[in-house]
Q: 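Take this structure, written in structure tokens, and hold onto it; I'll ask about it next.
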Amino acid sequence: MIPAYYHRFIDWIGDGTGLPDTLLHVHAGMAILMLARIATRRSLGSFVPLAFVALAEGANEVLDRMHFGSWRWPDTTSDIVNTLFWPTAICIGVRLRPLGRRR
């Protein structure tokens with residue numbers, strides 16, 4: 001029941017925006033990263049906001065699995081990569097940036 005409602009909601013977002021699923025995953029990953037950053041007050045270099053993105057994407061894939069009845073590996077893999085790529089790149093980039101001198 002919940003997976004069916006969730007899937008209809010996701011379809012509604014896709015139909016309403018006209019954006020492809022891959023781009024929606026990129027936007028969702030970035031939105032969750034920023035919301036987690038604000039809510040937790042943790043740096044983007046912390047793994048905490050990134051963990052929120054990973055957990056949200058994991059929940060999304062589990063709900064997809066429950067709705068469709070089986071894993072659809074090409075779609076699942078693409079969704080995970082598209083959702084996590086930029087949040088991971090930002091987290092690593094912030095962690096590795098050289099610290100400037102404070103005056």
Side-chain angles (χ1 to χ4, degrees):
M1 181 169 210
I2 290 174
Y5 285 124
Y6 178 74
H7 188 69
R8 276 187 280 196
F9 176 67
I10 297 302
D11 284 345
W12 176 78
I13 292 171
D15 293 343
T17 62
L19 296 174
D21 184 59
T22 54
L23 190 54
L24 290 174
H25 274 274
V26 172
H27 286 302
M30 292 300 293
I32 293 166
L33 182 72
M34 292 297 115
L35 290 171
R37 161 57 181 107
I38 292 166
T40 64
R41 298 183 181 191
R42 300 294 296 264
S43 166
L44 289 174
S46 160
F47 289 114
V48 173
L50 182 60
F52 274 81
V53 178
L55 289 171
E57 176 54 21
N60 174 68
E61 294 309 320
V62 167
L63 287 167
D64 277 356
R65 161 67 169 86
M66 292 169 68
H67 178 74
F68 293 111
S70 65
W71 293 109
R72 301 176 318 153
W73 287 112
D75 181 62
T76 298
T77 304
S78 172
D79 290 352
I80 291 169
V81 169
N82 284 312
T83 303
L84 292 175
F85 180 81
W86 285 113
T88 302
I90 289 168
C91 179
I92 292 169
V94 171
R95 288 185 77 80
L96 296 178
R97 77 181 186 277
L99 296 175
R101 292 185 184 187
R102 293 188 179 179
R103 294 181 187 200

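Numbering of residues begins at 1 and proceeds along the displayed sequence.
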Q: What's the spacing between L55 CG and I32 CD1 if we round to 0.5 Å?
A: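 Nearest 0.5 Å value for the CG-CD1 distance: 10.0 Å.
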Q: N82: which residues meet the side-chain hydrogen bond (donor to acceptor under 3.5 Å, both in side chains) condition with it, sequence neighbours left out?
A: S78
Q: Taking side-chain contact (heavy atoms from CB on, under 4.5 Å) as the definition, give me every residue that meets it alongside T76, ordered by chain and number, with sequence neighbours left out.
A: E61, W71, W73, I80
Q: Does M34 have any side-chain contact (heavy atoms from CB on, under 4.5 Å) partners at least two apart in sequence or in another chain, and if so, which?
A: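 M34 satisfies side-chain contact (heavy atoms from CB on, under 4.5 Å) with L44 only.
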Q: Applying side-chain hydrogen bond (donor to acceptor under 3.5 Å, both in side chains), run through N60 and Y6 and close with a yes or a no.
A: CA-CA 9 Å; N60 174 68; Y6 178 74; 2.6 Å; yes
Q: Going by ring pair (Phe, Tyr, Trp, His ring centres under 6.0 Å), name the residues that satisfy it together with H67, two or more places apart in sequence or in a different chain.
A: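 With neighbours one apart ignored, the set is H7.
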Q: Find out if a path of hydrophobic residues (ILVMFWY) with successive side-chain heavy-atom gaps under 4.5 Å connects V94 to V48.
A: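 They do share one cluster, since a chain of ILVMFWY contacts under 4.5 Å joins V94 to V48.
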Q: How long is the gap from OG1 on T88 to CH2 on W86, to the nearest 0.5 Å?
A: 11.0 Å
Q: Report whether L19 and W12 are members of the same hydrophobic cluster (ILVMFWY, side-chain heavy atoms less than 4.5 Å apart, transitive linking).
A: yes
Q: How many angstroms lie between CG in D64 and OG in S70, if you round to the nearest 0.5 Å?
A: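 D64 CG to S70 OG: 11.0 Å, rounded to 0.5 Å.
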Q: Test question: given the 4.5 Å side-chain rule for I, L, V, M, F, W and Y, name all other residues clustered with I92, or answer none.
A: L96
Q: Other hydrophobic cluster members with M1, side-chain heavy atoms of Ile/Leu/Val/Met/Phe/Trp/Tyr under 4.5 Å, chained?
A: Y5
Q: Residues in side-chain contact (heavy atoms from CB on, under 4.5 Å) with A36, at least two apart?
A: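 By the side-chain contact (heavy atoms from CB on, under 4.5 Å) rule, A36 matches P49, F52.
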Q: Would you verify whether the NZ or CZ of R65 falls within 45 degrees of the ring axis of F68 while also being under 6.0 Å from that six-membered ring's centre?
A: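 That pair does not qualify as a cation-pi contact.
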Q: Strictly by side chain to side chain donor-acceptor pair (under 3.5 Å), give each pair with a member in residues 26-42 just once, sequence neighbours left out.
A: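 Non-adjacent pairs meeting side chain to side chain donor-acceptor pair (under 3.5 Å): zero.
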Q: If you take all heavy atoms of C91 and S46, which pair is closest and at what distance?
A: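 Smallest interatomic distance, heavy atoms only, reads SG-O, 3.7 Å.
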Q: In terms of hydrophobic clusters joined by side-chain contacts under 4.5 Å, are V53 and V81 together?
A: no
Q: If you measure from CE on M30 to CG on L33, what distance do you get to the nearest 0.5 Å?
A: 6.0 Å
Q: Is V26 close to T83 at the side-chain level, that is, under 4.5 Å between some pair of heavy atoms?
A: no
Q: Can you name the residues that form a side-chain contact (heavy atoms from CB on, under 4.5 Å) with D21, not counting sequence neighbours?
A: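 For D21, the residues satisfying side-chain contact (heavy atoms from CB on, under 4.5 Å) (neighbours in sequence not counted) are H25, D75, D79.
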Q: Kindly compute the distance separating OG (S43) from CZ (R95), expressed to the nearest 0.5 Å.
A: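 Going from OG on S43 over to CZ on R95, the span is 8.5 Å.
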